[in-house]
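Everything on this sheet refers to the single structure shown next.
To find a chain, count down the sequence lines: A is the first, B the second, and so on, and within it residues start at 1. Keep in mind the model is a prediction, meaning the values are calculated, not measured.
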There are 2 protein chains.
Amino acid sequence: MTSFVQPKSIVCVMSCDVPVLADIEAAAERIKSFIVRTPLISSPVLDELVGGHVFLKAENLQRTGSFKIRGAYNLMRQLTPEQAARGVVAYSSGNHAQAVAAAGSKLGIETTIVMPEDAPTIKIENTRRLGASTVLYDRYSGDRVAIAEKLAGEKKCVVVPPFDHEHIIAGQGTTGLEILQQCEEFSVSPDQVLVNCSGGGLTAGCAIAICGSSPKTRVYAVEPENFDDTKRSLASGNREKTDPAARSICDALQTPSPGEITFNINKKLLSGAATVSDDEVREAIRFAFQHLKLVVEPGGAVTLAAVLNGHVDAREKVTVAILSGGNIDRALFASIQRYEINK
Amino acid sequence: MTSFVQPKSIVCVMSCDVPVLADIEAAAERIKSFIVRTPLISSPVLDELVGGHVFLKAENLQRTGSFKIRGAYNLMRQLTPEQAARGVVAYSSGNHAQAVAAAGSKLGIETTIVMPEDAPTIKIENTRRLGASTVLYDRYSGDRVAIAEKLAGEKKCVVVPPFDHEHIIAGQGTTGLEILQQCEEFSVSPDQVLVNCSGGGLTAGCAIAICGSSPKTRVYAVEPENFDDTKRSLASGNREKTDPAARSICDALQTPSPGEITFNINKKLLSGAATVSDDEVREAIRFAFQHLKLVVEPGGAVTLAAVLNGHVDAREKVTVAILSGGNIDRALFASIQRYEINK
């Protein structure tokens, strides 16, 4: 066993193939009965504030509270009976964890998830409620990949990676397909789509779906300012690393560097990347509460933060911003609501 | 001036006509460019909990944060230029207030709104932000109708009533039309639609829209247990009054008795009414936060509370529950999130 995605017995997760539009369309068909076709939401208050048309793809309303179920279910549905019988291991800051647990519960596959011990309580509890075993580690001193590899080696089972796999990317890309379909239903053509970016699976999948079908639409990644590895990587052309001392309120968007497969896609298809501060994320969460009536977690609010603060120009444009998740602890949510931006 | 809807100079608001399906269809056409076609949301967690299919019509995502804009805009768009030039007066616990203010702002009509001084801060602030003048009164000792009548008499202007008018009812009924269209888009046929009920405008409008187009679908009203005037009126056949000492967390659902026009409609078309306790409403708000990622105000959460607590049987049925609004103060929201149901 030499790679975390490559325990000896596993074929499924060895692939380094880049998915194409047809793979995303096949994924959409494969997962459609299990996922929610989340709404594309418009908000007059937001439109008037921004001076353009902004549509929010509300993946916070997705099964398990984030888009991650799309990729996890797409991959796990394609395991062989032998692979499924051995169970799977995954590592995740919390949203992929719930997704793998939910997919496992649906498909009758045992799941073990390596999660940071400081993950939001709601994410740990939901993962367990969905039937997974959890193994907690210290986010800043532990190596989640090594822990997951060791577990998978012991169980001789598949690791379901969080982003760097064609089936995961294809699954997440179904979000982009739906965005284009729903824009058509609204009789609008999107000028730009903003995707929050961590390892880059959602970004890459959406970029393939959108750039393949609507070449005039630009796709941008949005990151927390301390985790701008994709932005810097796009600038340098190489996969840049995050400072290990970096911290962010966005627990879902903290990866050491872009994925290998995902970055190869993103560097070809993205029109750029923007970053937002933690304070801007808090402000976006408050805005979503007060004006949109949506619960958005920090990592899910970066695209809204980018629009609200003009980091991406949305004036006189049709912009789609993905709200990727809504799993936030109520204590943090309450503290953000009380937080005063003008202090 | 003998009636609150009948200042001498006003023709528009004198009508006691009962709207029909065609009026609702005309209203839908009239208001469509100004309102949001709010999504019909499904939730696997809710479905699995209830043992049926539940769809949530998310009017909390509507312009001004509640369905009220539908009726207010439908009426105010039909004022004569002379009526519009004199401005309008309205009385409201807060959601109709914001709706009248927003419609006035769009149509260039001055608006003055009589509101209870204990209305949620978010409702008073939003009403003012939308350009209305506000007149506050004590909910328990003042007579909002008399105050509004006096103001309208001085200004010789129209009162835009909160529910008991054909144009208001027709506007609110567009919610029901959309529910049927969206159910068709989901390829489901609703067995029952649950509508929160105060004066009965939304309920009556939806009942006309739904019973007219889908006779097999039952429509139920849901009320707070201390404000069950419609439930008791349906039982007796007469418009029963609420106990003046009654209190509820549902600030939007506190009327002294059903409307005259609305009750005449509701007594013919409704299949019944259910009630929920304040604790059940709090639990529903928490459920919406944690599992649905939606912000719902107390009055907007009664239908969800009814489903969650089995006051309406949703097992093996297709149920649509209207979440009518999301305007809740962040302090109350935070306190509800901390509230322990098992105390």
Side-chain angles (χ1 to χ4, degrees), chain A residues 33-48 55-56 58-66 69 98 102 105-106 121-122 125-126 129-130 182 185-186 285-286 288-297 300 323 325-339, chain B residues 33-48 55-56 58-66 69 98 102 105-106 121-122 125-126 129-130 182 185-186 285-286 288-297 300 323 325-339:
Chain A
S33 68
F34 190 56
I35 65 150
V36 176
R37 189 183 195 247
T38 57
L40 194 66
I41 294 171
S42 69
S43 157
V45 172
L46 183 55
D47 283 1
E48 284 153 22
F55 293 89
L56 303 162
E59 283 293 295
N60 56 330
L61 310 184
Q62 185 53 268
R63 183 187 279 267
T64 71
S66 91
I69 190 68
Q98 292 170 77
S105 169
K106 171 73 174 176
T121 309
I122 189 174
E125 282 179 357
N126 282 346
R129 188 177 53 75
L130 288 162
Q182 292 170 314
E185 288 162 17
F186 276 110
I285 292 172
R286 276 197 301 280
F289 170 78
Q290 183 153 22
H291 297 292
L292 308 176
K293 314 303 177 188
L294 293 172
V295 177
V296 189
E297 66 177 277
L323 305 179
N327 293 315
I328 180 170
D329 280 340
R330 55 189 184 172
L332 176 60
F333 192 79
S335 88
I336 288 175
Q337 295 308 324
R338 284 196 301 265
Y339 181 92
Chain B
S33 68
F34 190 56
I35 65 150
V36 176
R37 188 182 195 248
T38 58
L40 194 65
I41 294 171
S42 69
S43 157
V45 172
L46 183 55
D47 282 2
E48 284 153 23
F55 292 90
L56 302 163
E59 282 294 295
N60 55 329
L61 309 183
Q62 186 54 267
R63 185 189 278 267
T64 72
S66 91
I69 190 68
Q98 293 170 76
S105 168
K106 170 73 174 173
T121 309
I122 189 175
E125 281 179 358
N126 282 347
R129 188 177 53 76
L130 289 162
Q182 292 170 315
E185 289 163 16
F186 276 110
I285 291 171
R286 274 197 302 279
F289 169 78
Q290 183 154 22
H291 297 293
L292 308 175
K293 314 303 177 187
L294 293 172
V295 177
V296 190
E297 67 177 276
L323 305 180
N327 293 314
I328 180 169
D329 280 341
R330 55 188 183 173
L332 175 60
F333 193 79
S335 89
I336 287 175
Q337 294 308 325
R338 284 196 301 266
Y339 180 92

For chain A, the option from T64(B), N126(B), I328(B), N327(B) that forms the most heavy-atom pairs under 4.5 Å: N327(B)
Contact origin within F333(B) toward chain A - heavy atom pairs under 4.5 Å: side chain
All heavy atoms of V295(B) vs all of L294(A), minimum pair found to be CG2-N, 4.0 Å
What distance separates L56(A) CG from L61(B) CG, expressed to the nearest 0.5 Å? 10.0 Å
Quick one: what part of Q290(B) sits under 4.5 Å from any heavy atom of chain A, side chain, backbone, both or neither? both
If you measure from the Lys or Arg side-chain nitrogens to the Asp or Glu carboxylate oxygens, is any gap between R63(A) and E48(B) under 4.0 Å? yes
Nearest atoms (heavy-atom pairs only) where I122(A) meets K293(B): CD1-NZ, 3.7 Å
Side chain to side chain contact (heavy atoms under 4.5 Å, CB included), that's the test. Do E185(B) and E185(A) meet it? Break it down for me. CA-CA 11 Å; E185(B) 289 163 16; E185(A) 288 162 17; 5.9 Å; no
Just how far is it from atom CD1 of I336(A) to atom CZ of R330(B), taken to the nearest 0.5 Å? 11.5 Å
Under 4.5 Å, heavy atom to heavy atom, which residues of residues 33-43 of chain A contact chain B? V36(A), P39(A), I41(A), S42(A)
